[in-house]
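Reading through the structure tokens given below for one structure.
These numbers come from the heavy atoms of this one structure, side chains and all, not from hydrogens, waters or symmetry mates. Below, chains carry the letters A, B, ... as their sequence lines are ordered, and counting in each starts from 1.
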Number of protein chains: 2
Amino acid sequence: MVLSRTSQYAVQALIYIATQAPGEPVLNRDIADRLNVPAAYLAKILQSLCKHGLLDSFRGRLGGFCLRDGMQKTSLMQVLLLTEGPDFTKSCILGLKECTDETACPMHFKWKPVKNKIIAMMNDMHLEDLAKAVQTGKYRLADLPAAAMPVA
Amino acid sequence: MVLSRTSQYAVQALIYIATQAPGEPVLNRDIADRLNVPAAYLAKILQSLCKHGLLDSFRGRLGGFCLRDGMQKTSLMQVLLLTEGPDFTKSCILGLKECTDETACPMHFKWKPVKNKIIAMMNDMHLEDLAKAVQTGKYRLADLPAAAMPVA
DNA sequence: TTCCTTAAAGAGGTTTTTGTCCGAATTATA
DNA sequence: TATAATTCGGACAAAAACCTCTTTAAGGAA
Ligand code: FES
Ligand code: FES
């Protein structure tokens, strides 16, 4: 409805990494297993997040990915601007090229406050806080494994 | 950010048709020209909306599409449930299979009110009203043609 | 040094979404 | 009846999103 799969994987992975001891690299394989996400694809996403400075990566034994120093406070908006592209916040819900009060589509003035709420929400959520929430054990970062699901 | 291109085309087209005299079929070609969208693709979308009962279609001379009687009051939610699928309102922003208070992801309780706002908004907007808004001339259904754009 | 482990890089595959084309069916009108 | 205009239906094509595989480079440990 709002985020591409790539963005979802990126956010999930970053939150997961943020729950782990800082400075201790986390294996791509472990993240993929934990989130139940395709490992080779996730690796690409993490590599891209490295290039953009959110993560540090280390090769070889004891290698893996960890949050770059200071990046605990990264907002989801910062992440989404990378994964969804710089126009993430600029789109018209009907697909018009411009979305301004002057070029409004018939949904614009209803949509604008909702869109602003989404933007504010994404600006307001930081990896740190989301990681803490997960650490309370009250929230899920991934679907339960099939084995743990009630029989259908 | 929220709607597929197909949904955007569908909504634009339905609003446009709703601005035209009821009972007077509108040509697919005219809609496509007016909205500046691919005609052959739009035709598929309109055919699908016919099958789902939102539109009536007529072949041959004086043919075209028009809103089925009584469908002026169709809400955008009704349209989107067809174009985006019946799970449109059910998705978790992180992609989890379930989105309930009991299976909450770390974004759930922030996201839920925004999502509900979107749903309420879509339930609250009807083709009729959007068409009237367009008819005031204050709102755009499509981008201005390149010819009318200021030189870049 | 040699081996093992890991990420990096690039090529390529699959699936979904978006878009095109064409022939057949249908209808108004001359 | 012939013709032109239109939707319908199916196959196809292109692009984007999603995902895999293989090889290479780098780092740690025996
Ligand atoms: S112009 Fe369409 S949402 Fe702003
Ligand atoms: S569980 Fe993720 S948004 Fe509801």
Side-chain angles (χ1 to χ4, degrees), chain A residues 1-13 17 20 23-33 35-68 80 82-85 87-88 91 94-95, chain B residues 1-13 17 20 23-33 35-68 80 82-85 87-88 91 94-95:
Chain A
M1 189 178 185
V2 166
L3 300 183
S4 66
R5 254 197 172 24
T6 298
S7 291
Q8 292 174 342
Y9 292 165
V11 171
Q12 285 179 295
I17 294 171
Q20 300 305 110
E24 299 267 306
V26 187
L27 290 191
N28 175 67
R29 174 163 26 90
D30 289 345
I31 306 172
D33 286 352
L35 302 179
N36 197 27
V37 143
Y41 190 51
L42 181 64
K44 295 295 185 194
I45 296 171
L46 296 182
Q47 280 165 34
S48 159
L49 294 175
C50 277
K51 284 201 195 126
H52 287 100
L54 265 54
L55 293 176
D56 282 319
S57 68
F58 305 94
R59 302 213 253 198
R61 281 215 181 171
L62 306 190
F65 297 89
C66 58
L67 274 182
R68 180 164 296 184
L80 296 180
L82 299 179
T83 54
E84 299 280 322
D87 293 344
F88 177 58
S91 60
L94 276 186
Chain B
M1 188 178 185
V2 165
L3 300 183
S4 66
R5 263 217 153 42
T6 298
S7 290
Q8 292 174 341
Y9 292 166
V11 170
Q12 284 178 294
I17 294 172
Q20 302 304 109
E24 299 266 309
V26 187
L27 291 190
N28 175 67
R29 173 163 30 85
D30 289 345
I31 306 171
D33 285 353
L35 302 179
N36 197 27
V37 308
Y41 190 50
L42 180 64
K44 298 292 187 198
I45 296 171
L46 297 181
Q47 281 164 34
S48 158
L49 294 175
C50 277
K51 285 203 193 123
H52 287 101
L54 265 54
L55 293 175
D56 281 320
S57 68
F58 305 95
R59 302 214 256 198
R61 278 217 183 177
L62 307 189
F65 297 88
C66 60
L67 273 182
R68 181 164 295 183
L80 296 180
L82 300 179
T83 54
E84 298 280 324
D87 293 344
F88 177 57
S91 59
L94 275 186

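Residue contacts shown for B:Leu27 are limited to sugar-phosphate atoms, with no base heavy atom under 4.0 Å away.
From B:Gln8, atom CD reaches atom CG of A:Leu94 across 6.5 Å, with rounding to the nearest 0.5 Å.
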Intermediate values then yes/no, side chain to side chain contact (heavy atoms under 4.5 Å, CB included), A:Tyr41 and A:Thr6: CA-CA 9 Å; A:Tyr41 190 51; A:Thr6 298; 2.7 Å; yes
B:Phe65 vs B:Leu54, side chain to side chain contact (heavy atoms under 4.5 Å, CB included): CA-CA, chis, key distance, verdict: CA-CA 10 Å; B:Phe65 297 88; B:Leu54 265 54; over 6 Å; no
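Within the 4.0 Å cut-off from OP1 or OP2 of D:dA17, not a single side-chain nitrogen or oxygen of A:Thr6 is found.
Atom NZ of B:Lys51 is separated from atom C1' of D:dT7 by 12 Å (rounded to the nearest Å). The interatomic distance linking B:Ile45 (CD1) with D:dG9 (C1') rounds to 16 Å, in whole Å. Whole-Å rounding puts the B:Leu46 CG to D:dT6 P distance at 15 Å. The interatomic distance linking B:Asp56 (CG) with D:dT6 (C1') rounds to 16 Å, in whole Å. Atom CG in B:Leu49 sits roughly 15 Å away from atom C1' in D:dC8 (whole-Å rounding). The distance between atom CG of B:Leu55 and atom P of D:dT6, rounded to the nearest whole Å, is 17 Å.
Pairing each heavy atom of B:Ala10 with each of B:Ile45, the nearest pair is CB-CG2, 3.8 Å. Scanning all heavy atoms of the two residues, the minimum distance from A:Gly63 to A:Pro25 falls at O-CB, 3.4 Å. In terms of heavy atoms, A:Ile31 sits closest to A:Ala13 at CG2-CB, 3.9 Å. Between A:Ser91 and B:Met1, the shortest heavy-atom distance links the atoms OG-CB, 3.5 Å. The two atoms that bring B:Cys50 and B:Ser57 nearest to each other are SG-CB, 3.6 Å, heavy atoms only. When all heavy atoms are compared, the tightest approach of B:Cys66 to B:Ile17 is CA-CG2, 4.0 Å.
Between the side chain of B:Glu84 and the backbone N or O of B:Ser4, at least one donor-acceptor pair lies under 3.5 Å.
When DNA chain C is scanned 5' to 3' for any atom under 4.0 Å from a heavy atom of chain B, the first and last hits are C:dT18 to C:dT29.
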Contact state string [nucleotides 20-30 of chain D, B base, S sugar-phosphate only, - no protein heavy atom under 4.0 Å]: B----BBBSS-
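Helix-axis bend for the helix from C:dT1-D:dA30 to C:dA30-D:dT1: the local axis fitted to the five terminal pairs at one end deviates from that at the other end by 10°, rounded to 10°.
A:Arg68 CZ: more than 12 foreign heavy atoms inside a 6.0 Å radius.
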